[in-house]
Amino acid sequence: MSVEVARKAITVPGIRARKGERPIVALTAYNALTARFVDRHADVILVGDSVAMVEHGLPSTLGATMEMMILHGQAVVRATSRALVVVDMPFGSFEASPKDAFRNASRLLAETGCSAVKLEGGQAMADTIAFLAARGVPVMAHIGLMPQAMMTSGGFRTQGRDRSDWERLHEDARSVAQAGAFCVVLEGMVEPLADEITQRIDIPTIGIGASARCDGQILVLEDMLGLNDRVPRFVKRFGDLASGMNTAIEAYAQAVTGRRFPNENNVYKPKES
Ligand SMILES: Nc1nc(=O)c2c([nH]1)NC[C@@H]1CN(c3ccc(C(=O)N[C@@H](CCC(=O)O)C(=O)O)cc3)CN21
Ligand SMILES: CC(C)C(=O)C(=O)O
Ligand SMILES: [Mg+2]
């Protein structure tokens, strides 16, 4: 199946030009219902591969698939009119070669109607980013803590605590910007390093666990809504939807067992005869 590439009010060049202007507001969304809410306030909606963990109950993002990203991407694009929709390239879909990456990135663009793709990797992915950008695929890069590298990096570790790693992280940022990424996510990084990177590259940085020094911020929607019982320190819960959901579901269960629902207002009656 293929869809029209949807035109959104916010464009890739528009986001690119935000550096030095006002901060970029980004959030994840994985479905139409939540995307409609996020679209009213955010500049960027990311259909993250964290969908594998948040919506499918998988233990890591390694189980995300192209099929999953396309299905969720389609739902989000349908419900969005303003924000720029970016879809994560799942583990295994882009690393082996630039050609593989183009085949899968072009499927994400053509089959969902999203405006850009995101992929994890710094210097090692620079050739791939350049290959995609030269062929019409806008790329958001993602460096620092890379969840898809958890098996080689030993879990989710904040980057740059040791200053001897800074040079490598600067090189990752410089090379993705040089390769033509329009924007870069800095994940799990100490504040002064995120600050230096943001000052040295000419594309916007979007931080998650990387301080307010970045050109924008992103969080997983369900984390900031207070729907997950355990969240890392970099998350601020801006709401407590978990308690709202619990209260409503409990009230429903009690109304059903107590035969108080459905009531007069909720039932249909035949015509008077
Ligand atoms: N719901 C959700 N939210 C996320 O932000 C998220 C996902 N899922 N899945 C993919 C990745 C994984 N992420 C994570 C998950 C845990 C930590 C974490 O526990 N961090 C430690 C830091 C440890 C250290 O300092 O080295 C922490 O205590 O914050 C970090 C990033 C971010 N992403
Ligand atoms: C947390 C963001 C940056 C992400 O990559 C995801 O949600 O998959
Ligand atoms: Mg991701």
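Start at 1 and go down the list; that is how both ligands and their atoms are numbered. FYI, the numbering just counts along the sequence from 1. Side-chain atoms are counted along with the backbone in the values below, which use heavy atoms only and exclude waters and symmetry mates.
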Sole residue of D223, L219, V220 in side chain to side chain contact (heavy atoms under 4.5 Å, CB included) with V231: D223
Ion pair check, [X] and [Y], cut-off under 4.0 Å:
X: R168; Y: E171; result: no
X: K269; Y: E264; result: yes
X: R36; Y: D39; result: no

Mark up the atoms of ligand 1 that fall under 4.0 Å of a heavy atom belonging to [X], in ascending order.
X: R161; value: 24 (C), 25 (O), 26 (O)
X: R233; value: 29 (O)
X: R157; value: 26 (O)
X: T61; value: 10 (C)
X: V54; value: 1 (N)

Nearest 0.5 angstrom please: [X] [atom1] to [Y] [atom2], how far?
X: I206; Y: R18; atom1: CD1; atom2: CZ; value: 9.5 Å
X: L62; Y: T65; atom1: CG; atom2: OG1; value: 12.5 Å
X: S97; Y: R103; atom1: OG; atom2: CZ; value: 6.5 Å
X: L108; Y: S93; atom1: CG; atom2: OG; value: 7.0 Å

Might you work through the side chain to side chain contact (heavy atoms under 4.5 Å, CB included) test for L225 and F238, ending with a clear yes or no? CA-CA 6 Å; L225 290 177; F238 289 83; over 6 Å; no
Should you measure from each heavy atom of [X], which atoms of ligand 2 turn up under 4.0 Å away?
X: T28; result: 7 (O)
X: I208; result: 1 (C)
X: G48; result: 6 (C), 7 (O), 8 (O)
X: K118; result: 4 (C), 5 (O)

For atom 28 (O) of ligand 1, is the nearest protein heavy atom under 4.0 Å away? no
Return the name of the atom in D88, of element N, O or S, nearest to the Mg ion (ligand 3). OD2
For [atom], which protein heavy atom lies nearest, and how many Å away is it?
atom: atom 30 (C) of ligand 1; answer: F234 CE2, 3.6 Å
atom: atom 18 (C) of ligand 1; answer: P232 CB, 3.9 Å
atom: atom 21 (C) of ligand 1; answer: F156 O, 4.4 Å
atom: atom 7 (C) of ligand 1; answer: S50 CB, 3.9 Å
atom: atom 7 (O) of ligand 2; answer: S50 OG, 2.6 Å
atom: atom 11 (C) of ligand 1; answer: P147 CG, 3.6 Å
atom: atom 9 (N) of ligand 1; answer: M53 SD, 3.3 Å
atom: atom 6 (C) of ligand 1; answer: V220 CG2, 4.1 Å

Honestly, is R259 close enough over F261, meaning NZ or CZ under 6.0 Å from the six-membered ring centre and within 45° of the axis? no
Could you check whether [Y] and [X], counting side-chain N and O atoms only, form a donor-acceptor pair closer than 3.5 Å?
X: S243; Y: N246; result: no
X: T34; Y: N31; result: yes
X: Q159; Y: D165; result: no
X: D215; Y: T198; result: no
X: T61; Y: S50; result: no

Can you tell which part of [X] has a heavy atom less than 4.0 Å from ligand 1: side chain, backbone, both or neither?
X: N228; answer: side chain
X: V235; answer: neither
X: D223; answer: side chain
X: E187; answer: side chain
X: V231; answer: neither

What do we get for [X] next to ligand 2 when only non-hydrogen atoms under 4.0 Å count, side chain, backbone, both or neither?
X: H142; result: side chain
X: D88; result: side chain
X: D49; result: both
X: L46; result: side chain

Within-4.5 Å side-chain heavy-atom neighbours: M224 and L241: no
Which residue from T158, I208, T28, L221 reaches closest to atom 26 (O) of ligand 1 through any of its heavy atoms? T158
With side chain to side chain contact (heavy atoms under 4.5 Å, CB included) as the criterion, how do I203 and V184 come out once you've worked through the C-alpha distance, each side chain's angles and the decisive distance to 0.1 Å? CA-CA 7 Å; I203 58 172; V184 59; 4.1 Å; yes
Could you tell me whether any N, O or S atom belonging to D49 is less than 2.8 Å from the Mg ion (ligand 3)? yes
